[in-house]
Number of protein chains: 2
Amino acid sequence: MEDKKNYCYEYPRPSVTTDCAIFGFDGIDLHILLIERGIEPFKGQWALPGGFVEMDETTEECARRELAEETGVKDVFLEQLFTFSDVKRDPRGRVITVSYFALIKSTDFKLIGGDDASDALWFPINEVPSLAFDHDRILRVAHDRLKGKIKYEPIGFELLEEVFTIPQLQRLYEAILGIQVDRRNFNRKITSLDILEPIEDKIEGVGHKGARQFRFDKERYQALKSRGFNFEI
Amino acid sequence: MEDKKNYCYEYPRPSVTTDCAIFGFDGIDLHILLIERGIEPFKGQWALPGGFVEMDETTEECARRELAEETGVKDVFLEQLFTFSDVKRDPRGRVITVSYFALIKSTDFKLIGGDDASDALWFPINEVPSLAFDHDRILRVAHDRLKGKIKYEPIGFELLEEVFTIPQLQRLYEAILGIQVDRRNFNRKITSLDILEPIEDKIEGVGHKGARQFRFDKERYQALKSRGFNFEI
DNA sequence: GTTTTTATGTGTAAAATTGACACGTAAATA
DNA sequence: TATTTACGTGTCAATTTTACACATAAAAAC
């Protein structure tokens, strides 16, 4: 870069936006948060939430800002996904988008979307309509990344509540990966990671033996991670 | 995005560049290609090659163009790395960079850098000087990605010649990962992937038994990959 | 109050994979 | 012809994974 002769503020340049694939989990299905577009282009179609990057913020700050504006939620798991730069991806002009994917805790899941005031709505990942711009593609990349990532990094907790059970966690894995896993082997694997802190209470009133409850031990995870520990599942 | 009221061509916006971490292998050490800056800022310091994204090209096309301009090489392995957007990463103004990492075949390695006409030079990965801008950070991310990626995707071939031996491949893995691996176990693992096509000829004139030669069977790899085959090493 | 239903937690044996080696082989040189 | 060097194949113990059986607890049915 940088050696360009005609570098100046008048140099024609692309706009930069961020778009965010926001995942949520209702205990059964993996969901994605979509926004119904109120203006052209793609008016009336669903799209990933996003917006223009301001001059005084990083793309991550932009994504967090848009996410907070759209959902009211802060402190979520957020990770950069991919930068899409097709010349014609936006009919209005040259727009490069830095995409992110976010994981929303189950506690917040219920608070977002649904009310008539908001144009945001959760969609089960297998029932997503055709999206505006190239957002179909972005969502596919995001889902693939989530599927890949959950196999070697313990990020599933970010989609559950603070306290959860191992069967709940297993259902989440199955929803994300779209496959069935053996209950007993899953149990052994997940506990062998040694990052689950047991809670005294049990689940009650469910018509059968209640599952034990756990909390994700973030500090222990960080400690093990820095020692090069492997979290494959 | 898109719902911004003040969207127009006069809207103040960041510049977008691409920077490229170009890896090469001389048979012994992993190298990175650096450019000596001829102008301010950071004049005289070394930097990753890169340049501004034009209005009619994607960031990947931009990276390939810069790469061809800088090295003369086309058709290289190129993959998007990460987008860096710190507000102050470039002292001249707001510049967002989409970084890539490239793998150069050993055949081309020898042709690049070195001659006095070029300001490009190969540096062993362990002897890299302090770089301009935030390129130290970009390079670290690129190297980490390469280390991670080579463990579950057969991309090492992209750094060797068309025809290579398993011991050569092993030395590459050791150079990238910075560790020693057992010759016999490596042999077993790499051949079990079933993506090496044996060549009749052997290496000669080396003062000992010559190693068998192979070619990377790209079609077989694609076929196995689409069947969900795993290429962990 | 005993039995049934349902989902949870623990255990175990066979199969597959990995890690740490020994040995035999081929090409050039002494 | 013997020696040196590095390559290729084989083996066995240890570990991990896979596929299950069984015991347990809580609520509901009888």
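The chains referred to below are lettered A, B, ... by the order of the sequence lines, with proteins before strands, and numbering in each begins at 1.
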Exercise for the section: Can you tell me the distance, in whole Å, between the CZ atom of A:Arg212 and the P atom of D:dT24? Expected result: 17 Å
Exercise for the section: Kindly state which residues belonging to residues 174-186 of chain A come within less than 4.0 angstrom of DNA chain C, counting heavy atoms of the residue only, listed by number. Expected result: A:Arg183, A:Arg184
Problem - Test salt bridge (charged side-chain N to carboxylate O under 4.0 Å, His left out) applied to A:Glu161 and A:Lys110, step by step - result: CA-CA 11 Å; A:Glu161 296 189 23; A:Lys110 302 151 195 162; 3.1 Å; yes
Practice task
Starting at atom CD of B:Glu232, determine the distance to atom C1' of C:dA16, rounded to an integer number of angstrom.
Solution key: 15 Å
Practice task
In whole angstrom, give the distance that lies between atom CD of A:Gln213 and atom P of C:dT8.
Solution key: 13 Å
Exercise for the section: Report the C-alpha distance between A:Phe231 and A:Tyr221 in whole Å, list the side-chain angles of each, state the deciding distance to 0.1 Å, and finish with yes or no for ring pair (Phe, Tyr, Trp, His ring centres under 6.0 Å). Expected result: CA-CA 9 Å; A:Phe231 295 97; A:Tyr221 166 62; 4.9 Å; yes
Fill in the blank from the handout: With the side chain defined as heavy atoms from C-beta on, A:Pro167 is closest, among C:dG9, C:dA27, C:dT6, to C:dG9
Exercise for the section: Ignoring hydrogens and angles, answer whether the base of C:dG9 and the side-chain atoms of A:Arg188 contain a donor-acceptor pair closer than 3.5 Å. Expected result: no
Handout entry: Residue pairs fulfilling ring pair (Phe, Tyr, Trp, His ring centres under 6.0 Å) with at least one residue in residues 163-195 of chain B, sequence neighbours excluded
Key = B:Phe157-B:Phe164, B:Tyr173-B:Phe186
Handout entry: Chi angles and distances behind the side-chain contact (heavy atoms from CB on, under 4.5 Å) call for A:Leu121, A:Trp46
Key = CA-CA 9 Å; A:Leu121 200 62; A:Trp46 294 91; 3.8 Å; yes
Practice task
Starting at atom NZ of B:Lys209, determine the distance to atom C1' of C:dA26, rounded to an integer number of angstrom.
Solution key: 5 Å
Exercise for the section: Report yes if the distance between the aromatic ring centroids of B:Phe25 and B:His31 is under 6.0 Å, otherwise no. Expected result: no
Exercise for the section: Output yes when a side-chain donor or acceptor of A:Arg212 lies under 3.5 Å from a complementary backbone atom of A:Thr165, and no otherwise. Expected result: no
Practice task
Please tell me which of the listed nucleotides, C:dG9, C:dG24, D:dT18, lies nearest to the side chain of A:Lys189?
Solution key: D:dT18
Problem - Rounded distance (Å) that lies between atom P of D:dC7 and atom CZ of B:Phe164 - result: 15 Å
Handout entry: Separation of C:dT8 P from A:Leu169 CG (nearest whole Å)
Key = 12 Å
Exercise for the section: Could you tell me the separation between the CG atom of B:Asn187 and the C1' atom of D:dA6, rounded to a whole number of Å? Expected result: 12 Å
Handout entry: Spacing between B:Leu196 atom CG and D:dG8 atom P, to the nearest angstrom
Key = 11 Å
Exercise for the section: Please step through side-chain contact (heavy atoms from CB on, under 4.5 Å) for the pair B:Asp136 and B:Ser130, ending with a clear verdict. Expected result: CA-CA 7 Å; B:Asp136 291 310; B:Ser130 171; 4.0 Å; yes
